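Predicted model, so just to flag it, every value in this text is computed and none were measured. Along the sequence shown, the residues carry numbers beginning at 1.
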Amino acid sequence: MDARALAALAANPGCRRRALLDGAGVDKGALASALRAPANFGQSQFAHQRGNSFEARVKADGGADLVRLLHERLRDGSEPPGPGAVATPDLTAPGPQGRTARTALALREATEAGRWALLDHPMVSLDVAGSPAFLEPDAVVVHPDGSWTVVEIKSFPMVDGSADPAKVGAAARQSAVYTLALERVASMIRRPPEDGGDTADAADAVDAVAVETASAAKTAEAAGGAETAGPVAPAEAAASADPAGTAARERPVTPAEAALRARVRHQVLLVCPKDFSNLPTAEMVDVRKQLAVTRRQLDRLTRIEEIAAALPEGTTFDLRLTDDGRTPTRPVEELTAAVEAVDAAYAPECLSTCELAAHCRTRSRAAGRVEALGRGVRGELGGLTTMDAVLTAAMERPADDAPTGDPTVDALRRAAALRAEALASHPEAVACR
């Protein structure tokens with residue numbers, strides 16, 4: 001699961017089908033095609049190449065221009081990064097667990113150094129319904145004051161300082177997932193010493209991240225990425241009150257003190273092409289609202305083991321591909337039964353975020369569920385969950401036309417009466433069917 005999938009999953013935590021398929025690593029696009037309901041969204045190859053080219057330009061020269069762009073947008077009075085002032089640690093390591101551990105160590109070292117640093121495509125982990133997910137932000141910048149900023153690079157244009165609100169919102173939700181995962185690393189770095197130990201011991205607390213991450217794929221308890229960060233240390237509070245680090249420059253800052261101030265900023269840097277050129281421009285986006293929603297929704301997700309335990313024995317989503325690895329041979333009816341064994345929570349918004357949305361929409365319409373009309377309509381109709389129930393409630397009017405006591409039913413009957421009155425006044429009108 002990547003951050004885009006997690007943001008979509010957090011927006012619809014009641015969908016057990018997506019939680020299970022994503023947690024099991026099932027290719028939903030291939031599954032949808034085998035079900036004869038292929039997804040009709042996604043990024044074209046041309047757009048993907050253009051995005052990669054733009055990202056490479058943004059990160060050119062060791063990310064110095066990117067960090068200067070971040071400093072300009074912060075406007076916090078801190079010293080701008082000079083030539084050669086931006087460190088770019090090597091994050092190479094074998095496997096996702098190794099890369100996650102190397103990222104945690106690089107963040108600690110950069111925080112202790114008290115200088116600008118750019119982590120290009122770091123990897124962090126997050127616990128999702130009892131299953132570890134490894135996430136890869138575009139970049140993370142470490143500030144001299146010990147704070148960290150998530151950088152999200154997108155290829156959609158920013159015209160006259162503003163971009164498409166829907167795309168900015170999607171980028172903010174995606175960045176909130178990265179921020180949530182980084183908060184755990186920051187909390188481990190600034191963990192207060194126990195039993196009156198020396199404050200330098202707090203800087204070594206991040207070593208536990210490497211140990212926990214290495215075993216995250218084997219045990220869910222070791223991947224506590226969805227937990228919120230621990231209590232803010234006094235040094236962190238001071239850093240928040242003095243973002244420019246003026247007080248810190250009055251005396252040398254020890255590595256332990258720098259580690260204790262490690263924190264993730266709740267403003268991310270969104271970098272986009274300026275107007276319709278290939279020149280980068282950026283704006284700070286506050287993700288506190290998205291962060292709170294994502295944290296709450298991920299906590300609500302049912303553990304994947306519980307969902308799998310409720311499935312009929314022998315349930316599988318294997319497509320039984322031919323030797324070429326492309327053509328599925330499993331009967332559509334059998335595959336449909338396996339998918340329908342897991343409850344879904346379809347809404348029209350799924351069409352832009354989930355590969356199985358077209359299949360779920362078809363099944364929802366066939367069953368006459370009101371969810372096909374949207375979450376707003378579903379909420380207004382209360383206990384009326386099918387189209388037939390809604391029509392029955394609207395059309396069955398007692399002779400005395402007395403209120404039923406159910407505000408939803410009374411509103412439907414009033415709407416049906418107004419509709420009948422309007423059609424009666426215009427005989428030439430064709431009634432809807």
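- Here Leu31 contributes atom CG and Leu356 contributes atom CG; the two are 5.0 Å apart, rounded to the nearest 0.5 Å.
- The residue from Val390, Leu373, Thr386 that alone fulfils the side-chain contact (heavy atoms from CB on, under 4.5 Å) condition with Leu381 is Val390.
- With Asp27 contributing its side chain and Ala30 its backbone, the two residues share a donor-acceptor pair below 3.5 Å.
- Using a cut-off of 4.0 Å between Lys/Arg side-chain N and Asp/Glu carboxylate O, Glu371 and Arg375 are scored as not salt-bridged.
- Residues Glu183 and Arg295 are paired through a salt bridge, judged by an N-O separation under 4.0 Å between the basic side chain and the carboxylate.
- Of all non-hydrogen atoms in Ala64 and Val86, the two that sit nearest each other are CA-CG2, 4.4 Å.
- By the 4.5 Å heavy-atom criterion applied to side chains, Val185 and Trp148 are counted as neighbours.
- The main-chain N or O of Ala282 is found under 3.5 Å from a side-chain atom of Arg73 such that the two form a donor-acceptor pair.
- In this structure, Asp120 CG and Glu136 CD are separated by 8.5 Å, a value rounded to the nearest 0.5 Å.
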Chi angles and distances behind the salt bridge (charged side-chain N to carboxylate O under 4.0 Å, His left out) call for Glu72, Arg68: CA-CA 6 Å; Glu72 292 173 2; Arg68 280 195 292 269; over 6 Å; no
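- Applying the salt bridge (charged side-chain N to carboxylate O under 4.0 Å, His left out) test to every pair with at least one member in residues 312-324, sequence neighbours left out, gives these pairs: Arg320-Glu334.
- For the residue pair Thr92 and Asp90, a side-chain donor N or O sits within less than 3.5 Å of a side-chain acceptor on the partner.
- Atom CG of Asp275 is separated from atom OG1 of Thr281 by 8.5 Å, given to the nearest 0.5 angstrom.
- Panel note: side chain Asp61, backbone Gly63; no donor-acceptor pair is recorded below 3.5 Å.
- Looking only at side-chain heavy atoms (C-beta outward), Val58 and Asp65 stay at 4.5 Å or farther from each other.
- By the 4.5 Å heavy-atom criterion applied to side chains, Arg363 and Tyr346 are not counted as neighbours.
- Between the side chain of Arg413 and the main chain of Glu396, a donor-acceptor pair closer than 3.5 Å is present.
- Between Trp116 and His143, the gap from one ring centroid to the other is short of 6.0 Å.
- No donor-acceptor distance shorter than 3.5 angstrom exists from the side chain of Thr392 to the backbone of Ala389, with no hydrogens or angles considered.
- Proximity of Glu349 to Asn12: side-chain heavy atoms (C-beta onward) are nowhere separated by under 4.5 Å.
- Under a 3.5 Å cut-off, the side chain of Ser53 and the backbone N or O of Gln49 do not form any donor-acceptor pair.
- The side chain to side chain contact (heavy atoms under 4.5 Å, CB included) search around Pro273 returns Phe54, not counting sequence neighbours.
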Step-by-step side chain to side chain contact (heavy atoms under 4.5 Å, CB included) determination, Arg184 to Ser125: CA-CA 9 Å; Arg184 171 176 173 258; Ser125 64; 3.8 Å; yes
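- Side-chain contact check for Thr302 versus Arg16: some heavy-atom pair is nearer than 4.5 Å.
- When atom types are taken as modelled, the side chain of Asp138 and the backbone of Glu152 share no donor-acceptor pair closer than 3.5 angstrom.
- Note that CD of Glu340 and OG1 of Thr315 are 12.5 Å apart. Values are rounded to the nearest 0.5 Å.
- A salt bridge is absent between Asp388 and Arg369; no separation between the charged side-chain nitrogens and carboxylate oxygens falls under 4.0 Å.
- Taking the side chain as every heavy atom from C-beta outward, Arg419 and Arg414 never approach each other to under 4.5 Å.
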Residues Thr149, Val142; criterion side chain to side chain contact (heavy atoms under 4.5 Å, CB included); working and verdict: CA-CA 7 Å; Thr149 295; Val142 179; over 6 Å; no
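- Separating the SG atom in Cys360 from the CZ atom in Arg18 is a distance of 10.0 Å, to the nearest 0.5 Å.
- You'll find the side chain of Lys274 stays beyond 4.5 Å of the side chain of Met158, heavy atoms only.
- Using a cut-off of 4.0 Å between Lys/Arg side-chain N and Asp/Glu carboxylate O, Arg17 and Asp22 are scored as not salt-bridged.
- Pairing each heavy atom of Thr353 with each of Ala8, the nearest pair is CB-CB, 3.7 Å.
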Stepwise salt bridge (charged side-chain N to carboxylate O under 4.0 Å, His left out) test for Asp164 and Lys154: CA-CA 12 Å; Asp164 185 345; Lys154 295 296 185 181; over 6 Å; no
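- The shortest distance between side-chain heavy atoms of Met123 and Leu135 does not fall below 4.5 Å.
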